[in-house]
Structures are given as structure tokens and as C-alpha cells.
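Start at 1 with the first residue, then count along the sequence. Order of listing sets the numbers, starting from 1, for every ligand and every atom in it.
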Amino acid sequence: MWSRSNPVLIQDRWPLVPAPVEVKNLTGTFQFSSKTRINISSGDNEVRKIAELFSGQLASLTGKSLKVSTRSEKQSIRLELNKEDDICIGNEGYTLHISPQNITIEANKPAGLFYGIQTLLQFIPPVKQQGLVEIPCVDIVDYPRFKWRGLMLDVSRYFFTKDEVKRYIDQMSKYKYNVFHWHLTDDPGWRMEIKRYPRLTEIGAWRVPRIGLFYRFPPPEPDEISSYGGYYTQDDIKEVVRYASDRYITIVPEIDIPGHSKALIAAYPETSCNGAQGTVYAGETGGPGENVLCTGNEKNFEMLDHILDEVVSLFPGEYIHIGGDEVNKEFWKNCLKCQELKKKHRLKDEHELQSYFIKRVEKIIESKGKRLIGWDEIMEGGLAPNATVMSWRGTDGGIKAAKAGHKVIMTPTNFCYLDYMQGEPAIERHGGGYLRANTVYQFEPIPESIDPAYILGGQGNIWTEMISNYRKVEYMTWPRALALSEVLWSPSAKRNWNNFVPRMEAQFDRFDQDKVNYATSIYDPEISIMKDAKGNSQIVFTTEIHGLDIYYTFDFTFPDKFSMKYTDNPIRIPKGATEIWAITYRDGKPVGRLLTIHIEQIKLQE
Ligand code: ACM
Ligand code: ZN
């Protein structure tokens, strides 16, 4: 673990995530004292707000807050806005100069001051009630690689409270994320109050309670009460938007249409093709059934216009996300109204029908002064003229969209789906896909031969089919979102996993202090079977980070550092062995979790 008391000892690897563009070490240290002040020039309310937030963040780290002052003080942390961008740090960049007398953060815009403060805070050992706080003198110049540094949270499959969402946003802001994509509607729940359509939350926000394997939930019983759910009132949303904006995070709301709309349809059945009354989807076997809005029903566009009016009035950001993913077009094929519309507009197939739908929604959104984003399926049948594409089924959709001159956000499943398991499946046992932190760390958002100007950035997504409580949201997010923050902020030439690992571990101390439930999967052993030249099975262990010792047993003995130690050679399976148990140690102490697995369940090495 990172030395808590004296980060000065680790000169070449400051405990900073994401890594800054340029760090120069200077001699000496800055010591905080009761006389240290946060110094701002008078009259700038936004900078004062940042300074006060900083003082609060400092207090939660060290137990002591600093006063904000507009007078020049002897020993101060100065927050200064530049008049001119003479070192090209842009709207989010900053310089941070720590000398024995003063700390100065300069930026062109308030956002840069906020990010400079987040960097400064990472130098401070996260221990309350400590005596002297002493930090190293350095000179930092820093600015982001990408404009869009996002995380998405699905609050539909399971509901997370306003306070949990704020906590999530607060954590994001410490790692310089600037977009929170709020997946507010889906088959299992509509989570936003819409005053004109109260049934959306009276009916659409509630389903039968279930826990476990989402896609195998038993369907609602005939008289079962839909007691699980919740939604955000418009006042809640205003509060969260303000909270995010104070941390320089823009919220992109997603209203997922025309598919993933079972909750809406349960509330207003006339919006679907068959008009049948259904229930909000609870994740049961067989899927959600009719969950797609009818394109041939003109009233649906009116309704969407009204809903989007309320959405737009609450979210000040530039973008509205309209989903557009995984539309089951069979419902349209079997619908007279949809087929008539298709004929009337000479649409070739249901892809073109979807394109017609999205283009109309784009017009609605643009009439309200906003821009449309959708998942990459919105390209099927022809992309709406000004749409921005979020590429999730790999990067091909994004590449195609960028080549056609559209803006793109890259969020491919194989690097960005943070709902996937992040460690040895026999330990995680979560099911679904698999994505390790060091794979996230290898993500390159700009594909070769694409003009980088079209790639706004990238985003990690937390879908919550298998995430039923907020502690697990944190577990799935961190530390992989640390890896992603570096991908999205730091220069790609600086990326180095071995250098990143201790900086990532330094954040674990902060997580501990903030009671953030980060995953420790990077310490677990990973197991697979390989075949030797004679076709015999042999066991191979790997670890995601270097320098771990792996101990194992075949005889139901809890392994410790006196057990058999794995060398780099594959292990022959002893006759009669049915299970292997293994654990990792570092520097003589256990760090990973116990792995127990039946030999026949070990996966074959790829
Ligand atoms: C998605 O994962 N359906 C965007
Ligand atoms: Zn229809």
C-alpha cells in the first residue's frame, strides 16, 4: 500500500490519478498550518463557491477546514483565473505550483481550478486528525485529452436514491469525470417524474420485488403487489443537477425509446403496437414482451414532445440521450399502423422505420434547442442528420459515424462495460461478461485512421441487472473507473500499467476513508487449464498485478504462505484431486480472496 504518512518518499510516482500531463519535482515541502488560507480575488462568486467546496473536501480528508480569504495572506493556497491562455491548457486545464510558501492554482476557467484542487487533494494523506500535513513541492501543467469523460448509471433495473446518485457524482468528480449519463428509463422502471403523465411514475416506477439472477426472475404472481421501485421528483432532479454542476459534471439524461419502453407502456398501453395492458418488466425469463413504442401512432410523437419538454426544462446540458438500442422490430412487422406508415413514406424495411422515428425525435429535440445522442443502433436505416452516436457494440458503429461526419462517444462493451465481472469468475460469481481493470486501462478511444476531432471521448457504463444495491454499484465502478479516468484524461504516451498500479492503490486509502466499496479483484488469483504436449491438463495461475505470491492446496486445507507456492510453471493435477484452493500474498501478507474451484470447472486457457 501507499505510504500514508509521507508521499514525499515516492518521488517519481505521485499518488495521482489520472496522471497529469507534466509534473516537475521541486525541492522542499509545503506545510499546512492553522494560518493557511484559501485565497481568492474578491468578487468572483463562482471561484468563491469552488473555494468553499475545497475547504469542505479538505475537512473531510483531514478533519480541518481552511478559511477562504480575499486578502493576500502570508501562507495561502491561491486560486487564480488567467486572463489569457498563454500555455494552451484550454477550458479544463490548470497549473498547480506548490512551493514552501504558497500553493497556486491557475486556470482559464473555473472548471480548471476545480480540477487543480482535485489534484492537490490527492497529495494530502487521507487520515483524519493527523498532526502536520506536509506535501511535496511540485510544478504541474495539466489538461484533459478528451472533452467527454463519462460514466453511465442505470437506475431502472434497480433504483438508487437521490443521495446515492449524488455520492456517485461526488466520487466521479474526484477523478475528473465530467459527464454523468443518467439512464432514467427502461423496461423495469421509469424513474423521472413527468407532471403531464403522472402514471409514468405511479405505475411505471414500480415492479414486483425480485433478487438474484435477473433474467430468471419468476414473473409477477396474479395478485402480487408491485412494491419495488422509486423515482426522482423534479425537485430531486434539480438538486442533483445543481450538485453535479458544482462539481463541473454535466448530466445527460437518457429516455430510452422506442425500445426498452415496457415501463412507459405499462403506464400507457395505447403507446404500444397491440395496446395490451401489461406489467412493468421484472426481469423474468422470456424477456419483457411488447416493449416498443408504435411508430404508426401519431399521438406517440405528441406525447414524446410533451415528455421531452419537461426533460429539457430540468437538464441544462447540450445533449439529450434517446436510447434507440435493441429495438425488437417484430412488433412493428405485425402492426397495421406501423406498416401503413412504412408504405406512406416508402420505407424499405423496419430499419428505415426506426430511422424515421429517430429523425422525428431529433426534430423535437432540436426544436427545444438541444442535440440528440443515441446508441449505435440509431444508424440502422440511416442516421439522423445531426445525431451524436454512442458506440457500444464494439467501435465499428462509431467509426462509421465518424467517417460520415458525426460526433462519437466510444463505449465498447469489451473495454467500457463496468457491469461485467472484473476478476476470476469463480470468485466474482456474478455471471455475464468479463472485463479486468488492466483491460480497461488498455482502451484506446480513437481508432486508427479516424479524425480525432470526431471522437468526443469515452464512457464507462454500469448496467444494473445484477447490481441490486448501491454498495455493489461502487464495487463494480472502482477501481476500473480509475483506469478509465486515466484513459480519458491523460496523454496516451504516458500510459503504463505498472506505473499506474501504485497510484491506483493510493486511491484505495481514500476509498477506505470515504467508505467507498471498491473491488479488490486485482489481487485475486486467476486460474485456467492448459494442455501440455501430451494432452494432459495443467493448471495455470496468473495475477493482474505483478509481485504477488500464489499459494495453493488440493486437500481442502485453507492455503497460506506455508502451503505450496506457485512458480511460473503450470501445475500437474495430482491423481484424485477434485478441487484446488488458492490465495495470494504480498510481502508476506494475504491480499487476495480465497479461490476454491472444482477442477472440472476451471476454464480452458484462451
Ligand atoms: C446497451 O448496452 N444496450 C446500450
Ligand atoms: Zn405499431
Side-chain angles (χ1 to χ4, degrees), residues 150-157 181-188 214-215 252 254-262 264-265 268-276 281 283 287-301 303-304 321-345 347 349-350 352-354 356-358 360 373-380 388-398 401 408-420 432-433 435 458-467 476:
L151 289 179
M152 186 214 80
L153 180 63
D154 165 8
V155 296
S156 175
R157 271 59 183 236
H181 171 173
W182 206 354
H183 186 77
L184 283 163
T185 74
D186 211 305
D187 299 321
F214 186 82
Y215 295 107
V252 175
E254 181 181 349
I255 303 296
D256 199 350
I257 48 174
H260 287 275
S261 293
K262 186 72 178 185
L264 186 161
I265 290 168
Y268 295 95
E270 66 275 19
T271 55
S272 71
C273 286
N274 70 3
Y281 178 57
E290 188 126 347
N291 69 339
V292 179
L293 301 180
C294 179
T295 49
N297 179 352
E298 190 57 29
K299 284 201 176 132
N300 283 354
F301 293 100
M303 181 182 190
L304 289 173
H321 199 307
I322 53 81
D325 57 323
E326 299 178 314
V327 176
N328 183 344
K329 299 179 182 94
E330 291 304 307
F331 304 123
W332 292 344
K333 282 186 189 158
N334 297 324
C335 171
L336 280 178
K337 289 179 290 217
C338 283
Q339 293 307 313
E340 259 170 41
L341 185 80
K342 207 171 108 188
K343 232 182 267 159
K344 183 170 157 201
H345 293 280
L347 304 172
D349 55 18
E350 278 62 33
E352 289 195 0
L353 199 53
Q354 172 173 292
Y356 168 91
F357 179 93
I358 302 289
R360 285 204 52 183
I373 298 189
W375 299 108
D376 56 63
E377 288 94 327
I378 64 169
M379 299 172 71
E380 295 164 353
T388 297
V389 170
M390 206 168 246
S391 189
W392 72 279
R393 298 175 300 173
T395 51
D396 287 357
V408 170
I409 296 124
M410 289 295 192
T411 177
T413 53
N414 51 339
F415 290 102
C416 295
Y417 268 41
L418 305 183
D419 58 317
Y420 287 6
L435 174 62
Q459 181 175 289
N461 297 333
I462 298 276
W463 301 102
T464 57
E465 285 92 341
M466 296 294 291
I467 306 179
M476 301 306 282

Participant: Taking atom types as modelled, is there a side-chain donor on T464 or D154 under 3.5 Å from an acceptor on the other?
Facilitator: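 The criterion, which ignores hydrogens and geometry beyond distance, is satisfied for D154 and T464.
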
Participant: Does N300 reach the main-chain N or O of T271 with its side chain, forming a donor-acceptor pair under 3.5 Å?
Facilitator: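 Here the side-chain-to-backbone pair exists.
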
Participant: With rounding to the nearest 0.5 angstrom, report the OG1 to CH2 distance, T413 to W392.
Facilitator: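 Here the interatomic distance stands at 7.5 Å.
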
Participant: If we only count N/O pairs under 3.5 Å, is E326 in contact with ligand 1?
Facilitator: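 Yes: some nitrogen or oxygen of E326 is under 3.5 Å from one in ligand 1.
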
Participant: Looking just at side-chain N and O atoms, do N328 and E326 make a donor-acceptor pair shorter than 3.5 Å?
Facilitator: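 The criterion, which ignores hydrogens and geometry beyond distance, is not satisfied for E326 and N328.
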
Participant: Rounded to the nearest 10°, what angle sits at the Zn ion (ligand 2) between SG of C335 and SG of C273?
Facilitator: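 The two atoms form an angle at the metal of about 110°.
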
Participant: Any salt bridge between K342 and E350, counting N to O under 4.0 Å?
Facilitator: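 Salt bridge between K342 and E350, a charged N being under 4.0 Å from a carboxylate O: yes.
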
Participant: Give the residue and atom name of whichever protein heavy atom lies nearest to atom 2 (O) of ligand 1, and the separation in Å to one decimal.
Facilitator: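 So the nearest neighbour among protein heavy atoms is Y417 OH, 2.6 Å.
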
Participant: For ligand 1, which atoms sit closer than 4.0 Å to a heavy atom of W463?
Facilitator: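 So the atoms of ligand 1 that pass are 1 (C), 2 (O), 4 (C).
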
Participant: Which protein non-hydrogen atom lies closest to atom 3 (N) of ligand 1, naming both residue and atom, and how far is it?
Facilitator: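 Scanning the protein heavy atoms, the shortest distance from atom 3 (N) of ligand 1 goes to D325 OD2, 2.7 Å.
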
